[in-house]
Amino acid sequence: MAEDISNVIDLQDIRVTFKNSGKDLKAVDDVNLKIKKGDIYGIIGYSGAGKSTLVRVINLLQQPSEGKVIVNGQDLRELKPVKLREARQKIGMIFQHFNLMKSRTVLGNVEYPLLGKKISKQERQEKALTLLKRVGLEEYANTYPQRLSGGQKQRVAIARALATEPEVLISDEATSALDPKTTKAILELLKKLNDELGLTIVLITHEMQVIKSICHNVAVMDEGRIIERGTVAKVFTDPQEKLTTDFVETSTNVKAAIDRITATINVEDLPDNQELVYFNFIGNATKQSILSELSQTYHVAENILFANIDQIDGENVGYMIAIIEGELVPFNKALEDLRPHGVKTQILSGVPVKGDEA
Amino acid sequence: MLQKLIPNVLQMKGEFVQATWETLYMTFGSAIIAAVLGLLLGVCLVITQPGGILEDGLTYSVLDKITNLLRSIPFIILLAVISPLTQFLIGTTVGTTASLVPLIVGIFPFYARQVQNALLDVDHGVIEAAQSMGSSPTEIIFRVYLREGLADILRVSIVTVISLIGLTTMAGAIGSGGLGDVAISIGYARFENDVTFVAMIIILILVFAVQIIGDLIVKAVEHNE
């Protein structure tokens, strides 16, 4: 039972089927998802993968055709409307297009979820103002949302979502309409809220960059199913599915680099004692001078063509493409010896080059 | 000068003042009740329609059909057809007050449709956001739909009041009085063209006044947004 309590969200065997001109469309197809309290859980997929439908099941904005929805220990589908509305107040939500009310001021928007509460107008306004301070917009309290930039609107939406002191915050493509710099600022704000309030965040996105920046765990969705899931570091460094690999490589630029290099260097023209190799380092491997060790111990020379280091959920992940020169036997031994250090290698020359294999 | 241009009008100033009041009484008297009925029906249409917050296919389809049916009856016929209801409600079928019943029945379905369209323009995302914050259907109607849609509702209200002024002129057929009645049963029937003309001018002034005042109110509401 202890484990059940730590899962603030527990979706069991969820199916959502839409009837579309007589045909059944499975938007969500048998999904099980457990999310722990305090986690930042990312769901990634292309549009139409069903991720938006899936997160709407969490607060029952979307009624599933089948399955159990347990949030904060309550089976939401069993609740009466009044109780469901109470439960929804503990599940905040922010949206791609902010969904602020244009007829209310910024303060009025943040006050909105508190209108039904039995508190005085003054208390309500004070609380809303405190929330605006938290997102750094207190000086805009009396402005109308139309005058704000996209990033500011999303901050207002976040303040509004926090007004009912939710346990969970659902972010439905909340940064997709924002430029990269603003995206980063909003993500930092979400991370801060996660740290300070212990807020569990479920975010959906089609950008791996977003997942990489703040998520601890990730699920990859395709055609209504979760095809791969795990910690972000693991999914990033060891993706199993083709789609996952696509997402990872788009965000690390490795695929683009491989394409560029193989376009300029004809790998078949390389001398016999040279190979084009792709290295993938995880964790501490990035901190050790493996390459210099290699050249000293095995007398192989490296010519680095591409290198990059990423921080993923606090772990360093490095990527490198290099031409390695040396005798065949020590060369193979060298690559072999790298493996225990958390370095994965792939020879791009000789074997048919496929960018999607890491 | 005026004596030459509008001789008959000058002789019946009193009737014109009276008729203008009757027109205003019919317009705004029916407008107030039609507004309540129209808003109610318009809101019901929006919330029960497919994808609405209280989706109910049967209710929607019944309300939708009633609205269409009432809107399809030509007003001049409605005036006659509805007389038993008028008799029941007012106690007579003739006169200014009696004309309020057909005016209300004639205009409120039109207003309901306009309100429905105005409310449909309220961003669905905002409704969804309110639902996600645990708002009840009543709260969503009053705090989101009617508030976010206020400027548009005012806009369609202006259009409706102007249509209503038009309808009041036909109510002369059941002895309602008003400017329409003056124009037809005095001006037209007695070949006193100046009477007809001046009645039209006063109606136009009323229409413009409603439009201008309405626009100012809409502007004041939107100014904040």
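Here is how names work: the chains are called A, B, and so on, in the same order as the sequence lines, proteins then strands, and each is numbered from 1. Hydrogens, waters and symmetry mates are skipped; everything else that's a heavy atom, side chains included, is used.
Contact of A:Ile94 with chain B is not made at all, since no heavy-atom distance falls under 4.5 Å. At a 4.5 Å heavy-atom cutoff, the contact between A:Ile91 and chain B is made by backbone atoms alone. In this structure, no portion of A:Phe98 lies under 4.5 Å from any heavy atom of chain B.
Side chain of B:Thr48 to main chain of B:Thr59: no donor-acceptor pair is present (N/O by atom type, distance under 3.5 Å, no hydrogens or angles). Here the side chain of A:Asp24 pairs no donor or acceptor atom with the backbone of A:Lys19 at under 3.5 angstrom.
Heavy-atom pairs under 4.5 Å with chain B peak, among A:Arg160, A:Gln89, A:Met101, at A:Met101. When B:Val144, B:Leu150, B:Asp123 are compared by the number of non-hydrogen pairs under 4.5 Å with chain A, B:Val144 comes out ahead. Put simply, of B:Glu139, B:Gln131, B:Arg143, the one with the most heavy-atom pairs under 4.5 Å next to chain A is B:Arg143. Contact count versus chain B (heavy atoms, under 4.5 Å) is highest, among A:Ile170, A:Leu115, A:Thr143, A:Thr164, for A:Leu115.
Across all non-hydrogen atoms, the minimal contact from B:Cys44 to B:Leu63 is CB-CD1, 3.7 Å.
Electrostatic pairing of A:Glu123 and A:Lys117 does not count as a salt bridge here, judged by no charged N lying under 4.0 Å from a carboxylate O. Using a 4.0 Å cut-off between charged side-chain N and carboxylate O, B:Arg155 and B:Glu222 make a salt bridge.
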Is there a salt bridge (charged side-chain N to carboxylate O under 4.0 Å, His left out) between A:Lys51 and A:Glu173 once you walk through the steps? CA-CA 10 Å; A:Lys51 53 195 193 308; A:Glu173 299 269 9; 3.5 Å; yes

